[in-house]
Structures are given as structure tokens and as C-alpha cells.
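Take this structure first; my questions come after.
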Amino acid sequence: MKKLLTGDEALALGAIDAGVSYASAYPGTPSTEILETLATMPDAIYAEWAVNEKVALESAIGASYAGVRSLASMKHVGLNVAADPFFTNAYTGINGGLVIINADEPGMHSSQNEQDNRYYAYHANVPMFEPANSQECYDMMLTAYELSETYDVPVLIRVTTRVCHSKSIVEPREAREKSFSPFEKNPNKYVTVPAVSRNLKHNLIQRNEKLITYSNASAYNFAVHNSKQLGIVASSICYEYAQEVFGESASYYKTGFSYPMPIEKIKEFAASVEKLIVLEENEPIMETQIKAAGINVTGKEIFPLEGELLPDAIRKAYFGEKLPSPKYPTDGIVPRPPSLCAGCPHRGLFTVLGKRKKLFLSGDIGCYTLGYSPPFNGMDAVTCMGASISSAHGAQKVFDEHPETGMRAVAIIGDSTFFHSGMTGLLNIAYNKSKVITIVLDNRITGMTGHQDNPGTGYNAQGESAPVADIAKIAHAIGIEHVRTINPNILDEVSSALDWAIALDEPSVIITRWPCVLKSLTSDDLNEFANVVSEPCSVDIESCNGCKLCLAVGCPSLSFDADTKKSKILDGCVGCTVCMQVCPTSSIVKGRE
């Protein structure tokens, strides 16, 4: 029966029908929905959220060694975290088949960089598939597990945002029964001490030679002959884009199994056309390999190295078309950048934090990253998940050497990110006696990626009860003596906690504990947080003086009426009262007029 599926859903269905028994992931756009889909089918597969991508992959490797088909999925920056086990697993190989799904994000819709993770396949000598649509996502999953077990190798499936989130028709095959291959002790395969790894590296090189032969014969690498004038080599979604732009005026060579590259087949294709171009997002990876093989090809000389290579971008680069400007009624409309939701528990913290000018505010990855922008200006640097604490430590050591600056380092990190990779940074602070102020924004959920549970929520991926990791107890156990938990919606409480921490000459942790306004509240939430469900606010027009100070809290439910010269509260207010606390005339009150 045919199904209309996103690429992520098709990958999940492919895993089920391939007989996968174990799946682990850390949420990250655009890969999140793969594990979410699998978690809804507990009878078919065991699926779990891991605390980070390294743990997810190591767990999947362990399941593979133990004898079942396993899966790890993550976004592109997640493979940086998981790179250590990824490279070594390429040496050891597998027992049960192992697939790593990696979702790249050309265009950086919700990511801090635009790295091209195809390089990982080349660097680790791990075979790679690149599906262009949902049907290929499904088909390649099944083939990847067969390849993994045939060649004793983990397999990388590289997808991109458009493939992950676009829907197309999938025709499933007959599902495969789960298999189990009991583990057999073999230290010369699995124990990577240097004496063993030298032999494993030799085996890896020999295996790669076999995979080159496989690539040149793969049904996922094929030519479509339409025209002798122009030939296009493309992979992933760029193949779909190329057909949209050039249609039957060009011939195509599609690389679906793209590492090792099918160079011999590409040579044959190149000989059949007068001009050859290569379309790929973002780095010239295929282009470099094709040119190294002595084939004349044009690529990044004309096509951009950044952003998505959408059809309009291809047309502009290749044909020099001047694209029409979008015809939107923009006159008089003020652009609205992304903002914290109305009632977001991070708003109170940043309302106070951004006003403290002698603080170096080291930020992290999450919804709270939006605290960097006006009106908050509450973040000075962001690098990657978990880096806020470690970077603050380095900065604080410099400030200690230069007290004339009067600066103090503050790390800002979310609860899920703290569990992901922040705890080691905090341990480093305690160990090296750094007086960093670490603020953990505990909104009781993994907010940015769509409300996945984490070790602090009390539930696992299937929604079953799980032990709760207590952040305050963890901080104490790590060696932090000074820990305070506050309600971030009460501005005086936030200010008092900051003053307390700044006065200390030792490391401290402030935990802002209040649930995400979009979170589905549990009975535990309702029991713990007074007034978590509250009536909205309104503005007393008579007493409002139009000072606009309330707008400085950056709430999308607050507006200023140009006619009356008064503030007003729109639908969406949840009554967090942060605006009430900054109003100098007490014009904002609880309840609707």
C-alpha cells in the first residue's frame, strides 16, 4: 500500500521493514522526526533518546556487536560529537548491521553552521548513501543494512533538510524479520589497541577497494540520457532540482551511492556529453573527485558554495537570470525576527541579565539563544552545545588575570543541553576552581527541537516514567557548593540570585526552574509550580503613560497603539507578569478588561 511520507518518516519505516531492533538518537532539526516516529512503534522496535549523539552512536555500536541491526540518527553537528566512535567503528566493523543517519542543513535554517558532512564518509572510509526523495530514503535503508552486513561496515545515510521534511509517495516492500547473530568474543576485531588497529586499518583499505567495485555497479548510481550537449552529475535533492531547471535539455548522472564515488561510470557518462557540470550542496566534494580523475567538469566556478542550491539559485548561476523580486506588500510593515514565546520562562532572566554590563555572557544552543538579540542583548558568544560553560571558564581565568576589566563570566545553558555536554564543563570548573556563574535554564523539556523528553523530565521516548535527574544534586555532586533554584518569572528573585552569585569568589549555579509555556503539563508540573496556568494580563488605559518600558521585555503579546499612544496586550498572553513588574505606573494588571 502506497504511503505519503516525509523523508524522516520513510527512513523510520525503512528501519522497521529492514528488521532493526535498536535505535538511539539525540533530537536535532532536521533529523528529530526519525526517532520520534520510531518511538511511536514500541512493539516493532526499541527506540530511545540518548543524552547526546556520542552516547547514541556508542549505544548503537554496542547493540550491533551484541547481534542485532541497529540505528543512530543525528543532525550534522551531532556527528561532530559522535566522531570519535564513528571513526573507530569504521575499523572494527559490525556484527548486526549498523546505519548512521546524518541530516545536513544547507541554508542553516536552525543551525549554527553549514558544514558538509559528506567529508566524514571520505575521511572515515565509510560507505554513504544520499537519497533524493522519500522512496529512496525507504529503499536505501533496506539496502544499507544488507551492505553493512555483507561488507562488515557501518553505513552512513546523508540527508538534507528538504529531503527530511518534504513529502512524496513511498511504496513499501515486504518487511524483513528481525535477526539475531550472537556475539562471539574476538579481541582482534573489537579491541582497538594499536597492534589490533594496524591490522584493522589494512582490512579497511582492502574493503574500500571492494566498495569501489560495488559503487560502479550500484543501481542507485545511474545515467539518464536526453542530450549530448549538456550532462549533469548530481546527488541527493540537487538531482531533483536539476531536473526541474533543465528538464530534457540535459542528460543526468545521479549518484545515490556516493562514497566511494562511481568514477568509472562517471567517466563513461562524461564521454557521452559535450559539457559536464556538477551540482552539489555545499562543498565541491564530487567536483574535486571528478577533476582528480582527469575529467573536465564545471562546478563551483559558477555555483555558490553556500546556502541551498535551489532551482532559482541554479538558474541565476548558470543562465545569469535576474530573478524577480518577491511582490509582497511590505511597505510600512516592520519585520519581526524570531522571538521568545509569550510566557517563555527565559524572558524574565534575560530582562535582568542584559542590563548587567560587566558580565561576559557565554551562551549555548537552544530556544534561549534568542536572548542574544534586542531588546535583551543577553548573550555575548555562542559556539556549540555545551560550550557555554567551558568557554565561560576560559574567559573567567583571563578576567582573574586582568581584574582591572571588572568582568565576570556567566554561562547560560538549557536543561537538556546541560545533560548533553554541559556537565563535563561544570566538573572542569569545580576541579579548576573557577568562579564562573552557571545558569541552567530548566524549562522541564527539550524545547527547541519540539518537546522531546530528557533525563530531567521523568519520562523516556515512549512516554514511560523514568528516574528524574536532579540538576541541583548533580551540581553538588560535581563539587559546586553554592546552588540556588529560582522562579525566573519573578524579576527581583532573578536580580537577587545574580547579586548573590557575583558576590561569591567561588563557582556557583543558578537554576531557573519553570516549565516551557508550550509544554503539555503533567500532574507533577501542576503540583510543583504555583500559578503555572494563569489568567492573562491587560493594560489600564487611563494610567498608562505610553513610556513603552513594557515593550523592553520583548513579548509578542505586547504592542503599542500608535493612535492612543498606549500599550496594549494582545491575544496569547499567559499571565507570566514580567511586563507587570517593569511597568513604572502599575498600569498592567491581571485579568482582562
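Heavy-atom basis, side chains included; hydrogens, waters and symmetry copies ignored.
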Assess whether a salt bridge exists between E53 and K75, defined as any Lys/Arg side-chain N lying under 4.0 Å from an Asp/Glu carboxylate O.
no

Looking only at side chains, do Q581 and T577 share a donor and an acceptor under 3.5 Å apart?
yes

Does CD in E306 sit with more than 12 non-hydrogen atoms of other residues, nucleotides or ligands closer than 6.0 Å?
no

Keeping S434 on the side-chain end and I429 on the backbone end, is there a donor-acceptor pair under 3.5 Å?
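No, the answer is negative, given that no donor and acceptor are paired below the 3.5 Å cut-off.
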
In a table with atom names and distances, give each donor-acceptor pair under 3.5 Å that connects a side chain of residues 548-563 to protein atoms at least two apart or in another chain.
unit_1: S557; atom_1: OG; unit_2: C573; atom_2: N; d: 3.2
unit_1: D561; atom_1: OD1; unit_2: D563; atom_2: N; d: 2.8
unit_1: D561; atom_1: OD1; unit_2: T564; atom_2: N; d: 3.2

May I have the step-by-step check of side-chain contact (heavy atoms from CB on, under 4.5 Å) for I169 and K3, ending in yes or no?
CA-CA 6 Å; I169 297 296; K3 301 175 183 285; over 6 Å; no

Please say whether more than 12 non-hydrogen atoms of neighbouring residues, nucleotides or ligands are located less than 6.0 Å from CG in D571.
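Not more than 12 within 6.0 Å, no.
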
Of T160, V163, V77, which meets side-chain contact (heavy atoms from CB on, under 4.5 Å) against D104?
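The passing option is T160.
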
Mind checking the NZ-NE2 spacing from K397 to H402? Nearest 0.5 Å is all I need.
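K397 NZ to H402 NE2: 13.5 Å, rounded to 0.5 Å.
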
With rounding to the nearest 0.5 Å, note down the distance linking CD in Q396 to CE in M407.
9.5 Å

Quick check: closest heavy atoms across C367 and L340, and the distance to 0.1 Å?
O-CD2, 3.6 Å

D442: which residues meet the salt bridge (charged side-chain N to carboxylate O under 4.0 Å, His left out) condition with it, sequence neighbours left out?
R444, R513

Distance-only donor-acceptor check, side chains T522 and D525, under 3.5 Å
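A donor-acceptor contact under 3.5 Å links the two side chains.
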
Ignoring hydrogens and angles, tell me if any N or O in the side chain of K565 forms a donor-acceptor pair with the backbone of C547 under 3.5 Å.
no

If you measure from the Lys or Arg side-chain nitrogens to the Asp or Glu carboxylate oxygens, is any gap between D400 and R408 under 4.0 Å?
no

Do W500 and I510 have side chains that get closer than 4.5 Å, going by heavy atoms?
yes

Taking every heavy atom of N80 against every heavy atom of Y120, the minimum-distance pair comes out as OD1-OH, 2.6 Å

Roughly how far, to the nearest 0.5 Å, is the CZ atom of F303 from the NZ atom of K316?
13.5 Å

Could you grab the distance from atom CD1 of I478 to atom OH of Y431, nearest 0.5 Å is fine?
15.0 Å

K300 and E280: CA distance, side-chain angles, deciding distance, salt bridge (Lys or Arg N to Asp or Glu O under 4.0 Å) verdict
CA-CA 9 Å; K300 295 304 179 183; E280 55 186 328; 5.9 Å; no

Close side-chain approach of E464 to Y459, heavy-atom, < 4.5 Å:
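E464 vs Y459: side chains apart.
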
Do V352 and L498 touch side chain to side chain, with heavy atoms closer than 4.5 Å?
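Yes, close enough: below the 4.5 Å cut-off.
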
E493 side chain to N487 backbone, donor-acceptor under 3.5 Å:
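Confirmed, E493 side chain pairs with N487 backbone.
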
Test item: I474 and H476 side chains (from C-beta on) under 4.5 Å apart, heavy atoms:
no

d(L11 CG, T6 OG1) to nearest 0.5 Å is 8.0 Å

Does a donor on one side chain and an acceptor on the other come within less than 3.5 Å for S587 and D540?
no

Beyond-backbone contact of H451 with C516, side-chain heavy atoms, under 4.5 angstrom
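The answer is yes, as the side chains (C-beta and beyond) meet within the 4.5 Å cut-off.
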
Counting distance only, does the side-chain N/O of T37 pair as donor-acceptor with the main-chain N or O of E9 below 3.5 Å?
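No, the answer is negative, given that no donor and acceptor are paired below the 3.5 Å cut-off.
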
Short question: side chain of S508, backbone of H482 - any donor-acceptor pair under 3.5 Å?
no

Which atom of A430 lies closest to which atom of I480, heavy atoms considered
CB-CD1, 3.9 Å

Please walk me through it: do S111 and E105 pass side chain to side chain donor-acceptor pair (under 3.5 Å)?
CA-CA 7 Å; S111 303; E105 196 172 35; 2.2 Å; yes

Shortest non-hydrogen contact between M385 and D364, atoms and distance
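In terms of heavy atoms, the two residues are closest at CA-OD1, 3.2 Å.
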
When every non-hydrogen atom of A50 is compared with those of S24, the smallest separation belongs to CB-OG, 3.5 Å

CA sep, side-chain torsions, deciding dist, call: T161, H109, side-chain contact (heavy atoms from CB on, under 4.5 Å)
CA-CA 9 Å; T161 305; H109 299 284; 4.2 Å; yes

Residues H76, N113; criterion side chain to side chain donor-acceptor pair (under 3.5 Å); working and verdict:
CA-CA 9 Å; H76 61 294; N113 70 27; 3.1 Å; yes

Within-4.5 Å side-chain heavy-atom neighbours: N133 and E240:
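A side-chain contact under 4.5 Å exists here.
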
Do side-chain atoms of D116 reach the backbone of N282 as a donor and acceptor pair under 3.5 angstrom?
yes

How about P374 and F376: do any of their side-chain heavy atoms sit closer than 4.5 Å?
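They are not in contact (no side-chain heavy atoms under 4.5 Å apart), so the answer is no.
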
With side chain to side chain donor-acceptor pair (under 3.5 Å) as the test, would you mind laying out the steps for Q115 and N117 before giving the verdict?
CA-CA 6 Å; Q115 67 191 50; N117 275 12; 2.7 Å; yes

Y368 and T417: side-chain donor and acceptor closer than 3.5 Å?
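There is such a pair between these side chains.
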
Which atoms form the tightest heavy-atom contact between G386 and S421, and what is the distance?
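Residues G386 and S421, closest heavy atoms: CA-OG, 3.4 Å.
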
Taking N432 for the side chain and N428 for the main chain, is one N or O donor matched with an acceptor at less than 3.5 Å?
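Yes; at least one donor-acceptor contact below 3.5 Å.
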
E33 side chain to H165 main-chain N or O, any donor-acceptor pair under 3.5 Å?
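Such a contact is absent between E33 side chain and H165 backbone.
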
Backbone of G354 reached by a side-chain donor or acceptor of K357 within 3.5 Å
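Yes; at least one donor-acceptor contact below 3.5 Å.
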
Answer yes or no: is there a donor N or O on one side and an acceptor on the other, between the side chain of T457 and the main chain of N454, under 3.5 Å?
yes

Residue pair I389 / F418, side-chain heavy-atom distance below 4.5 Å:
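Yes, at least one pair of side-chain atoms sits under 4.5 Å.
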
Evaluate V582 against T351 for side-chain contact (heavy atoms from CB on, under 4.5 Å), listing each step before the verdict.
CA-CA 9 Å; V582 301; T351 296; 4.3 Å; yes

Let me confirm one number: the CD-CD distance from E114 to E283, rounded to the nearest 0.5 Å.
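E114 CD to E283 CD: 8.5 Å, rounded to 0.5 Å.
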
Audit row: L310, R162, side-chain contact (heavy atoms from CB on, under 4.5 Å) steps and yes/no:
CA-CA 10 Å; L310 298 169; R162 300 290 172 176; 4.2 Å; yes

I'd like to know if D505 and K433 make a salt bridge, using a cut-off of under 4.0 Å between side-chain N and carboxylate O.
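Salt bridge absent between D505 and K433.
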
K590 atom NZ, neighbour heavy-atom count above 12 within 6.0 Å
yes

Between the side chains of S31 and Y26, does any donor sit under 3.5 Å from an acceptor?
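Note: S31 and Y26 side chains miss the donor-acceptor criterion.
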
Any pair with a residue in residues 508-545 that passes ring-ring contact (aromatic ring centres under 6.0 Å, His included), sequence neighbours left out, goes on the list, sorted by first then second residue, please.
W514-F529

